[in-house]
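Some notes on the structure that comes next.
Whatever order the structure lists ligands and atoms in, that order sets their numbers, starting from 1. Quantities reported herein were computed from a predicted structural model and do not represent experimental measurements.
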Amino acid sequence: MRWNTEERWGSIAISLHWLIAALILLVQVPAGLVMLRVEPGALQDTLFNVHKNIGLVVFALALVRLGWRLANPVPALPLDVPGWQVRIARLTHFLLYALIFLLPISGFLYTAFGGFPVPLFMLWDLGQLIPASEPQAEIWQAIHYWSQWALYLVVALHVAGALQHHFVLDDEVLRRMLSSR
Ligand code: HEM
Ligand code: HEM
């Protein structure tokens, strides 16, 4: 089942959820943290290139995901979930969407305004699209830095919610994000 229904996520929404989650948690965050802490050299250059390129891939996937969400029904939470928890879940999901756009955009703008290259698939330097500006670079660097902390906080809340549904409430909420059947 590719499309969402009123009760379940379809396989496309599920694949996009886990692909973006894995790229962020397993590639972007570790690469971002390590690349700033290793000696300048080949390893650091590779990590920067991986971080910038996969970050742009996350941005493209986020656009596809938002489009897919707008074209599909969104499954409702089980009826016995209290209203305040539904509102927290909605707010958390809204913030997660905002972050999967803000992180790549701020990373790109910091890099480009800083006058550094953004070598898309090692073919085009997207950084050249924007003229260097030190004050702008500083603003976007700070936004990129602080949105990583917002990400840790909101993802922790999000994962805690998912685990509570699975292990405490024993409902379908986590299972239906794992399989469309
Ligand atoms: C989902 C996307 C992204 C995530 C989750 C992410 C996350 C991070 C993290 C955790 C750091 C380390 C911050 C620190 O310890 O100070 C970082 C640094 C950095 N990121 Fe990203 N990033 C993303 C996308 C991008 C993109 C698309 C670019 C550029 C095209 C980029 C460029 C950079 C740069 C240049 C740094 C070093 C910042 C500095 O020198 O202070 N990031 N990122
Ligand atoms: C181990 C980590 C994760 C788990 C266990 C998890 C689990 C879930 C579950 C069960 C849902 C469905 C909620 C429902 O049916 O109402 C969901 C939705 C969602 N997740 Fe995650 N998630 C994880 C990581 C992430 C990450 C890293 C992000 C993005 C940075 C993310 C973004 C979202 C968004 C935006 C939704 C709402 C989908 C929509 O309304 O279109 N998740 N997640």
Side-chain angles (χ1 to χ4, degrees), residues 4 7-10 12-14 16-37 44 47-62 65-78 81 85-86 88-120 125-127 129-130 137-138 140-166 171-179:
N4 300 350
E7 291 83 34
R8 299 200 70 88
W9 297 103
I12 306 265
I14 294 176
L16 286 166
H17 174 272
W18 291 113
L19 184 57
I20 293 175
L23 290 178
I24 289 183
L25 298 180
L26 305 179
V27 181
Q28 284 307 90
V29 171
L33 295 176
V34 174
M35 72 196 190
L36 294 177
R37 287 160 182 83
Q44 192 187 51
L47 288 172
F48 263 99
N49 281 330
V50 167
H51 185 82
K52 291 175 188 176
N53 278 290
I54 300 296
L56 295 175
V57 169
V58 168
F59 178 69
L61 290 170
R65 183 168 179 194
L66 188 62
W68 189 252
R69 190 187 202 272
L70 295 175
N72 270 259
V74 176
L77 281 170
V81 175
Q85 283 188 20
V86 175
I88 291 190
R90 277 201 201 122
L91 176 67
T92 311
H93 294 165
F94 171 80
L95 291 173
L96 288 167
Y97 270 107
L99 286 165
I100 59 180
F101 284 101
L102 185 61
L103 275 154
I105 290 173
S106 58
F108 170 73
L109 290 177
Y110 160 52
T111 311
F113 277 126
F116 302 108
V118 185
L120 182 66
D125 181 5
L126 297 185
L129 296 174
I130 290 178
E138 278 176 20
W140 290 105
Q141 183 182 24
I143 294 176
H144 197 59
Y145 176 82
W146 286 108
S147 39
Q148 97 179 277
W149 289 103
L151 177 79
Y152 302 150
L153 193 78
V154 182
V155 168
L157 195 66
H158 180 62
V159 174
L163 295 178
Q164 188 227 11
H165 277 283
H166 193 66
D171 62 21
E172 283 293 306
V173 170
L174 179 58
R175 274 189 287 270
R176 74 182 185 180
M177 194 38 110
L178 294 169
S179 157

Tell me the contacting part of His165 for ligand 2: side chain, backbone, both, or neither, using a 4.0 Å heavy-atom threshold, strictly below. neither

Tyr145 side chain to Gln141 side chain, donor-acceptor N/O pair below 3.5 angstrom: no

Under 3.5 Å between any N/O of Tyr145 and any N/O of ligand 1: does that happen in this structure? no

Nearest to atom 13 (C) of ligand 1, what protein heavy atom do you find, and at what distance? Gln148 NE2, 3.3 Å

If we only count N/O pairs under 3.5 Å, is Thr111 in contact with ligand 1? no

With salt bridge (Lys or Arg N to Asp or Glu O under 4.0 Å) as the criterion, how do Arg8 and Glu172 come out once you've worked through the C-alpha distance, each side chain's angles and the decisive distance to 0.1 Å? CA-CA 9 Å; Arg8 299 200 70 88; Glu172 283 293 306; 3.6 Å; yes

Could you tell me which atoms of ligand 2, counted from 1 in the order shown, lie closer than 4.0 angstrom to a heavy atom of Arg176? 14 (C), 15 (O), 16 (O)

re atom 11 (C) of ligand 2, the protein heavy-atom contact at minimum distance is Met177 CG, 3.7 Å

Nearest-option assignment for atom 1 (C) of ligand 2, heavy atoms, candidates Val173, Val159, Leu70: Val159

Within less than 4.0 angstrom of ligand 2, does Leu99 place any heavy atom? no

The atom name of the N, O or S atom in His17 nearest to atom 21 (Fe) of ligand 2 is NE2

Proximity to ligand 2 by part of Leu163, non-hydrogen separation under 4.0 Å: neither

Can you sort out which atoms of ligand 2 are near Leu96, meaning under 4.0 Å from one of its heavy atoms? 29 (C), 30 (C), 31 (C), 32 (C), 33 (C), 35 (C)

Measure the distance from atom 38 (C) of ligand 1 to every protein heavy atom, then report the residue, atom name and distance (to 0.1 Å) of the closest one. Tyr110 CE2, 3.6 Å

What do you reckon, does Trp18 have a nitrogen or oxygen under 3.5 Å from a nitrogen or oxygen of ligand 2? no

Are any of the N/O atoms on Tyr152, whether in the backbone or the side chain, positioned under 3.5 angstrom from an N/O atom of ligand 1? no

With heavy-atom distances below 4.0 Å as the criterion, list the atoms of ligand 2 near Leu77. 16 (O)

For the pair His158 and His93, name the ring-plane relationship: parallel under 30°, tilted 30 to 60°, perpendicular over 60°. perpendicular

Quick test: of every protein heavy atom, which one is nearest to atom 19 (C) of ligand 1, and how far off is it to 0.1 Å? Met35 CE, 3.3 Å

Hey, could you give me the CG/CG distance between Leu23 and Leu61, rounded to the nearest 0.5 Å? 6.5 Å

Quick one: does Phe59's side chain get under 4.5 Å of Ile100's, heavy atoms only? no

Please classify the Ile20 to ligand 2 contact at 4.0 Å (heavy-atom distances, strictly less than): side chain, backbone, both or neither. neither

Can you list the atoms of ligand 1 that are under 4.0 Å from a heavy atom of Phe48? 35 (C)

Apply side-chain contact (heavy atoms from CB on, under 4.5 Å) to Val118 and Asn53, showing your working. CA-CA 8 Å; Val118 185; Asn53 278 290; over 6 Å; no

Against heavy atoms of Phe108, which atoms of ligand 1 measure under 4.0 Å? 28 (C), 29 (C), 30 (C)

Closest approach of any protein heavy atom to atom 40 (O) of ligand 2, naming residue and atom: Arg69 NH2, 2.8 Å

Please find out if atom 21 (Fe) of ligand 2 and some N, O or S atom of His93 are separated by less than 2.8 Å. no

side-chain contact (heavy atoms from CB on, under 4.5 Å) between Leu96 and Val155: does it pass, once the steps are laid out? CA-CA 8 Å; Leu96 288 167; Val155 168; 3.8 Å; yes

Nearest non-hydrogen partners of Val173 and Pro78, listed with the distance: CG2-CD, 3.6 Å

Quick one: nearest non-hydrogen protein atom to atom 24 (C) of ligand 1, plus distance? Gln28 NE2, 3.5 Å

Could you check whether atom OH of Tyr97 has more than 12 heavy atoms from other residues, nucleotides or ligands sitting under 6.0 Å from it? yes

Of all protein heavy atoms, the one nearest atom 41 (O) of ligand 1 is Gln141 NE2, 2.8 Å

Tell me, which protein residue and heavy-atom name are nearest atom 34 (C) of ligand 2, and how many Å apart are they? Arg65 NH2, 3.3 Å

So, do His17 and Trp9 sit near enough that their side-chain heavy atoms are less than 4.5 Å apart? no

Identity of the nearest option to atom 25 (C) of ligand 2, non-hydrogen atoms only, from His166, His158, Glu7, Arg175: His158

Taking only heavy atoms of Leu174, which atoms of ligand 2 are found under 4.0 Å from at least one of them? 10 (C)

If the cut-off is 4.0 Å to any non-hydrogen atom of Val118, which atoms of ligand 1 fall inside it? 30 (C)

Should you measure from each heavy atom of Ala21, which atoms of ligand 2 turn up under 4.0 Å away? 24 (C), 25 (C), 26 (C), 27 (C)

Proximal ligand 2 atoms for Ile100, defined as those under 4.0 Å from one of its heavy atoms: 29 (C), 30 (C)

Among all protein heavy atoms, pick out the one at the shortest distance from atom 7 (C) of ligand 1; state its residue, atom name and that distance to 0.1 Å. His51 CE1, 3.5 Å

Tell me which protein heavy atom sits closest to atom 9 (C) of ligand 1, plus the residue, atom name and distance to 0.1 Å. Gly32 CA, 4.1 Å

Verify the neighbour count for atom CZ of Arg90: are there more than 12 heavy atoms of other residues, nucleotides or ligands below 6.0 Å? no

